[in-house]
Protein chains: 2
Amino acid sequence: MQRRQTRQRQIIRDELIAHPTHPTADELYMRVKAKLPRVSLGTVYRNLELLVEEGAARRIVVEDGPKRYDGNTEPHHHVQCVRCGATADVMGDATHSRTGSLPIREGWDIQAVSVLYKGLCPTCRAETG
Amino acid sequence: MQRRQTRQRQIIRDELIAHPTHPTADELYMRVKAKLPRVSLGTVYRNLELLVEEGAARRIVVEDGPKRYDGNTEPHHHVQCVRCGATADVMGDATHSRTGSLPIREGWDIQAVSVLYKGLCPTCRAETG
DNA sequence: TCCTTAACGATAACGGTTACTATTAAATGG
DNA sequence: CCATTTAATAGTAACCGTTATCGTTAAGGA
């Protein structure tokens with residue numbers, strides 16, 4: 001017996017995939033709680049890390065603030081609003097997937113790249129003019 | 001009278017520039033304390049943010065862990081070790097400075113990009129094989 | 001030199017995350 | 001189908017990086 005399939009873990013994974021908004025652990029906790037009122041915040045944290053570990057989710061690299069998770073494991077990059085912190089996916093082929101080929105830095109063994117575009121989201125853009 | 005030039009602020013800026021290792025506030029605090037034993041950790045935090053605000057330093061985007069600061073304000077990117085968290089600059093012209101031109105995402109006003117390469121630093125590479 | 005107040009040192013508070021522990025409930029095997 | 005084992009949970013305390021508070025110090029102009 002190694003890893004058990006619990007109702008909590010299933011719902012956490014499902015909600016993460018159903019809402020590709022790169023939620024924080026706490027945001028996801030609130031969603032999960034709507035379906036499983038007695039769930040614990042610690043359970044959400046624990047399972048998010050388990051999902052990342054087994055490759056079913058990713059931790060995305062963002063500026064500041066709490067950790068954000070992504071149920072979309074396809075390689076892609078992100079935009080983050082410098083005002084409200086909201087994130088979105090970057091579409092198209094603008095992704096720089098030439099890792100490993102370029103000698104990014106002498107002596108380093110490069111495994112991945114993450115690109116974060118920073119700016120104003122449509123909402124904040126409208127509010128600040 | 002608006003902004004005073006304190007001994008603490010000078011030393012903090014000098015140490016940040018003298019050691020381009022992208023230190024955390026705490027790492028820098030220890031360096032500064034060697035030259036100014038009575039300095040407070042809060043002073044280091046406060047001045048780092050002031051330096052970022054006035055454009056004399058940058059907060060770099062890294063995976064996880066405490067915030068890291070960079071006294072080099074020239075646009076450049078970073079590599080971070082997934083094992084020990086150490087960071088280094090990415091040299092050469094591999095920088096993607098074509099922001100603003102590309103419509104990264106509909107409706108967003110993009111202001112900057114940060115690229116983080118992830119992998120093993122030479123030391124960790126040697127230790128893990 | 002005096003005065004104003006930005007900035008400091010010390011420390012408490014805060015928020016996100018992790019660790020701990022008694023309890024619950026998946027999975028296995030009789 | 002029930003008993004047994006133990007992974008995982010709920011609840012909560014602890015942790016740690018960071019920020020806020022506040023009385024005191026000292027930068028810099030008058």
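Quantities reported herein were computed from a predicted structural model and do not represent experimental measurements. Residue numbers start from 1 in every chain, and the chains themselves are labelled A, B, ... in the order their sequence lines are given, proteins ahead of strands.
If you take CZ of Arg13(B) and P of dA7(C), they are 13 Å apart, rounded to a whole angstrom. Following rounding to the nearest Å, Arg3(A) (CZ) and dA25(C) (C1') show an atom-to-atom distance of 17 Å. In this structure, the CG atom of Leu51(B) is 12 Å from the P atom of dA7(C), given to the nearest Å. Atom CD of Glu63(A) is separated from atom P of dT18(D) by 13 Å (rounded to the nearest Å). Nucleotide dG28(D) holds its P atom 6 Å from the CD atom of Gln5(B), rounded to whole Å. Distance, Arg46(B) CZ to dT25(D) C1': 12 Å, rounded to whole Å. Atom CG in Leu48(A) sits about 15 Å away from atom P in dG16(C), given to the nearest Å. The nearest whole Å value for the distance from the CG atom in Leu50(A) to the C1' atom in dA26(C) is 15 Å.
Closest approach of Glu106(A) and Pro122(B) over heavy atoms only: O-CG, 4.3 Å. Contact detail for Val44(B) and Ala25(B): the closest heavy-atom pair is CG1-O, 3.6 Å.
Among the nucleotides dC8(C), dG17(D), dA27(C), the one closest to the side chain of Tyr45(B) is dG17(D). Counting only heavy atoms from C-beta on, Gln8(B) has its side chain closest to dG9(C) among dG9(C), dA7(C), dT17(C). Here the side chain of Lys67(B) is nearest to one of dA7(C), dT17(C), dT19(D), namely dT19(D). Taking every side-chain heavy atom of Arg4(A) into account, dT5(D) is the closest of dT5(D), dT17(C), dA7(C). Set against dT9(D), dG16(C), dA7(C), the side chain of Asn47(A) has dT9(D) as its closest nucleotide.
The closest side-chain donor-acceptor pair between His22(A) and Asp89(A) falls under 3.5 angstrom. For the residue pair Tyr69(B) / Glu49(B), a side-chain donor-acceptor distance below 3.5 Å is found, with atom types taken as modelled.
Counting any heavy atom pair closer than 4.0 Å across all strands shown, Arg7(A) reaches no nucleic acid atom.
When each of His76(B), Arg59(B), Arg58(B) is tested with Asp70(B) by the rule side-chain hydrogen bond (donor to acceptor under 3.5 Å, both in side chains), just one qualifies, namely His76(B).
Trp108(B) and Val115(B) end up in the same hydrophobic cluster when Ile, Leu, Val, Met, Phe, Trp and Tyr side chains are linked at under 4.5 Å.
Judged by distance alone, with hydrogens and angles left aside, the side-chain atoms of Gln80(B) form a donor-acceptor pair with the main-chain N or O of Gly85(B) at under 3.5 Å.
Mapped onto DNA chain C by nearest heavy atom, Arg9(B) and Gly42(B) fall at different nucleotides, with Arg9(B) at the one closer to the 5' end. Between Ile12(B) and Asp64(B), the one whose closest nucleotide on DNA chain C sits nearer the 5' end is Ile12(B).
Contacts between residues 21-41 of chain A and DNA chain D, defined by a heavy-atom separation below 4.0 Å, involve Arg38(A), Val39(A), Ser40(A), listed by number.
Considering only side-chain N and O atoms, Thr6(B) lies nowhere under 4.0 angstrom from the phosphate OP1 or OP2 of dA7(C).
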